[in-house]
Amino acid sequence: MKDHNKTPYLTKLKEYAERNITPFDVPGHKLGRLRNDLTDYVGEKIYKLDANAPRGLDTLSRPTGVIKEAQELMADAYNADKAYFMINGTSGAIIAMIMASVKANEKIILPRNVHKSVISALIFSGAVPVFVKPDIDHNLGIANGMSYEGFLEALEENPDAKAVLIINPTYFGVTSNIVKITKKAHEHGLIVMADEAHGAQFYFSDELPISAMAAGCDLSALSVHKTASSLTQSSVLLLKGDRVDEKRLQSTINLIQSTSPSSILMASLEASRKEMVLDGKEGINKVLKLKKKYLKKLKEIPKIEILDLEYAKKRGFPDFDPTKLVIKVSNLGITGFQAYRILFDKYSIQLELAETYLILGIITKHTIEEDFINLISALKEIAKKYKDNEPLDKIKFKYSFPNAFIRPRVAYHAPFKVVKLEDAENEISAESVMIYPPGIPMLIPGEYITRDFIEDLLFYEENGSVIFSETSGYIKVVDKEKWIKGEDYL
Ligand SMILES: Cc1ncc(COP(=O)(O)O)c(C=O)c1O
């Protein structure tokens, strides 16, 4: 193992900030020579560390100095051969890894409940998605992992597929059989990629599910900012082995990254790496122990249910991420959306997201005992208030994914028209529609619009969810009269 006490990039950045530079470069704030509303709150040091590309601080797109060293340390920490700092989140990392691995009209196998950035990658690359229907739990209204059997079936039907993408873990903590899928995929010459937006913690504790790199995946896009400890928007792309061309990967990353990467984001990646290597295991295991202690108390609250490993096993999956706190509240006669709002408005407790029947909390090594105590106390009060309610009616939410008709890239480039949502049945969508969070598209470009989809969307709208679509109440669809069928937009 390398010396993880070292922070080559951050050290150099601090030296630069302290050097009394005469700045004739950008950024315009000139190393923090300003007072504004932000400096009044956080001090001017945040600006002082915000350097663009001065001598000695290396270049993210062609690293040869301190960024190279920092990335090597990152790779070592995450059990990879190479690590790339990504300053446009895991969204950027996902787009880069897919574009570098799958060309236009080549096939990629993936579960349908992927994040929107995967759909963006399909539009950019022109790849053909082979969607595997994930396990859908209609009782909880959530989608889980991609089963090994589902993957196998897709592979048998599409022996020409070039790659597979696995979510490790899903937003709700379930993991697919990543080891088995990876092994089989490699036997058939596929590149294996993981979306580990919620899996950074897996690399630091034996009490958590297996990480993508340990499972033998070739690539992983990992949100250090979500479940490790860097600043929002900073992620890494991990590479292992030689199935993916390193040069192509770097040049693809360079296509999508800013030429002015934030030094603060990169420094925060480095600081997180040091912290997680030196203290990750102890910190995570400590918080897992705390969770165990408070889980008992949580389970004692009437009509509240908690998802755990047993749930994942029952659904046919090998593992569950215990840093996810998935709480079913619908037996109290309230939706997850209502519980989410009450917890924030009345108790100042911010959950990660709500779904129809449940709420989701994320635990990291920085979660403290008081957080559990506050949550339990609030949930107890809520349970008391709604104790006489009947469980929430079974909502007619379908969670059905529409069938694809054309590639996302073709639908994106085809001539379009905008129609009222109610009139859109049987049209082909030219846009993505999703709820955020979790940001999993209900509809993607190229898919048929069904009545089920329209009803589900109206249901979410009534419940005050944040809906990402281009125009509320309307939808962009392929103009079939103007579209020359077969036009391919490679
Ligand atoms: C499963 C999944 N993948 C990818 C992403 C994108 O990550 P980022 O927000 O770091 O761009 C998210 C974000 O919520 C996600 O939930």
Side-chain angles (χ1 to χ4, degrees), residues 74 78 83-99 108 110-124 129 131-132 134-135 142-146 164-176 178 193-202 209 211-212 217 219-238 253 256-258 261-262 265-266 268-269 272 317 320-321 323-326 350-355 358-364 401 432 434-442 444 465-468:
M74 188 64 95
Y78 281 90
Y84 303 85
F85 286 180
M86 303 299 298
I87 41 82
N88 188 23
T90 294
S91 300
I94 283 174
I95 291 168
M97 76 178 176
I98 292 180
M99 282 182 67
I108 174 170
L110 66 178
R112 176 56 180 77
N113 55 330
V114 285
H115 183 256
K116 72 184 275 286
S117 55
V118 176
I119 308 304
S120 307
L122 296 176
I123 293 172
F124 288 135
F131 284 123
V132 175
D135 169 59
I142 59 171
N144 293 310
M146 167 171 72
V164 56
L165 181 135
I166 307 165
I167 308 169
N168 192 51
T170 65
Y171 226 133
F172 301 104
V174 166
T175 64
S176 293
I178 191 167
M193 307 171 207
D195 173 350
E196 288 196 308
H198 298 278
Q201 69 285 17
F202 291 0
S211 68
C217 295
L219 292 160
S220 171
L222 187 135
S223 292
V224 181
H225 70 95
K226 285 189 197 290
T227 54
S229 54
S230 63
L231 290 173
T232 293
Q233 215 175 303
S234 60
S235 292
V236 292
L237 180 50
L238 304 174
I253 290 170
I256 62 153
Q257 297 246 76
S258 168
S262 160
L265 290 187
M266 291 195 285
S268 86
L269 279 171
S272 170
F317 294 100
F320 181 82
D321 175 9
T323 68
K324 307 284 183 284
L325 192 51
V326 189
Q350 178 61 57
L351 271 296
E352 173 67 11
L353 64 79
E355 269 292 347
L358 50 83
I359 47 177
L360 166 71
I362 305 275
I363 294 166
T364 72
F401 291 119
S432 281
M434 77 205 74
I435 312 298
Y436 193 87
I440 295 165
M442 296 168 69
I444 66 168
S465 300
V466 179
I467 295 169
F468 281 9

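Indexing begins at 1, ligand by ligand and atom by atom, following the structure's order. Starting from 1, each residue takes its place in the sequence as its number.
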Worksheet item: Do any N or O atoms from the side chain of Glu196 and from the backbone of Ala212 form a donor-acceptor pair under 3.5 angstrom?
Response: yes

Worksheet item: What do we get for Ser91 next to ligand 1 when only non-hydrogen atoms under 4.0 Å count, side chain, backbone, both or neither?
Response: both

Worksheet, complete the sentence: Check: of Lys226, Met86, Glu352, min heavy-atom distance to atom 13 (C) of ligand 1 comes from Lys226

Item to complete: For Ala197, counting its heavy atoms only, list the atoms of ligand 1 lying under 4.0 Å from any of them.
Response: 2 (C), 3 (N), 4 (C), 5 (C), 12 (C), 15 (C)

Discussion item. Counting only heavy atoms closer than 4.0 Å, does ligand 1 sit against the backbone of Asp195, its side chain, both, or neither?
Written reply: side chain

Worksheet item: Just by modelled atom types, is the Phe85 backbone N or O under 3.5 Å from a matching donor or acceptor in the Gln257 side chain?
Response: yes

Practice prompt. For Tyr171, take its heavy atoms, then give the atoms of ligand 1 lying under 4.0 Å from any of them.
Written response: 16 (O)

Worksheet, complete the sentence: Going by the 4.0 angstrom heavy-atom rule, the piece of Ala221 near ligand 1 is neither

Worksheet item: Would you say the side chains of Thr90 and Ser235 form a donor-acceptor pair under 3.5 Å?
Response: yes

Discussion item. Using side-chain heavy atoms (C-beta onward) and a distance below 4.5 Å, is Ile362 in contact with Lys324?
Written reply: yes

Discussion item. One residue to check: Val114. Relative to ligand 1, which of side chain, backbone, both or neither has a non-hydrogen atom less than 4.0 Å away?
Written reply: neither

Discussion item. With a cutoff of 4.0 Å, is His198 in contact with ligand 1, counting heavy atoms of the residue only?
Written reply: yes

Worksheet item: Which atoms of ligand 1 sit under 4.0 Å from any heavy atom of Ser223?
Response: 7 (O), 10 (O)

Item to complete: Mark yes or no for whether Ser91, through its side chain, and Ser117, through its backbone, hold a donor-acceptor pair below 3.5 Å.
Response: no

Worksheet item: Would Ser258 and Ile87 satisfy side-chain contact (heavy atoms from CB on, under 4.5 Å), going step by step from the backbone distance to the final call?
Response: CA-CA 8 Å; Ser258 168; Ile87 41 82; 4.1 Å; yes

Worksheet, complete the sentence: Per side chain to side chain donor-acceptor pair (under 3.5 Å), Ser272 is matched among Ser234, Ser229, Ser230 by Ser229

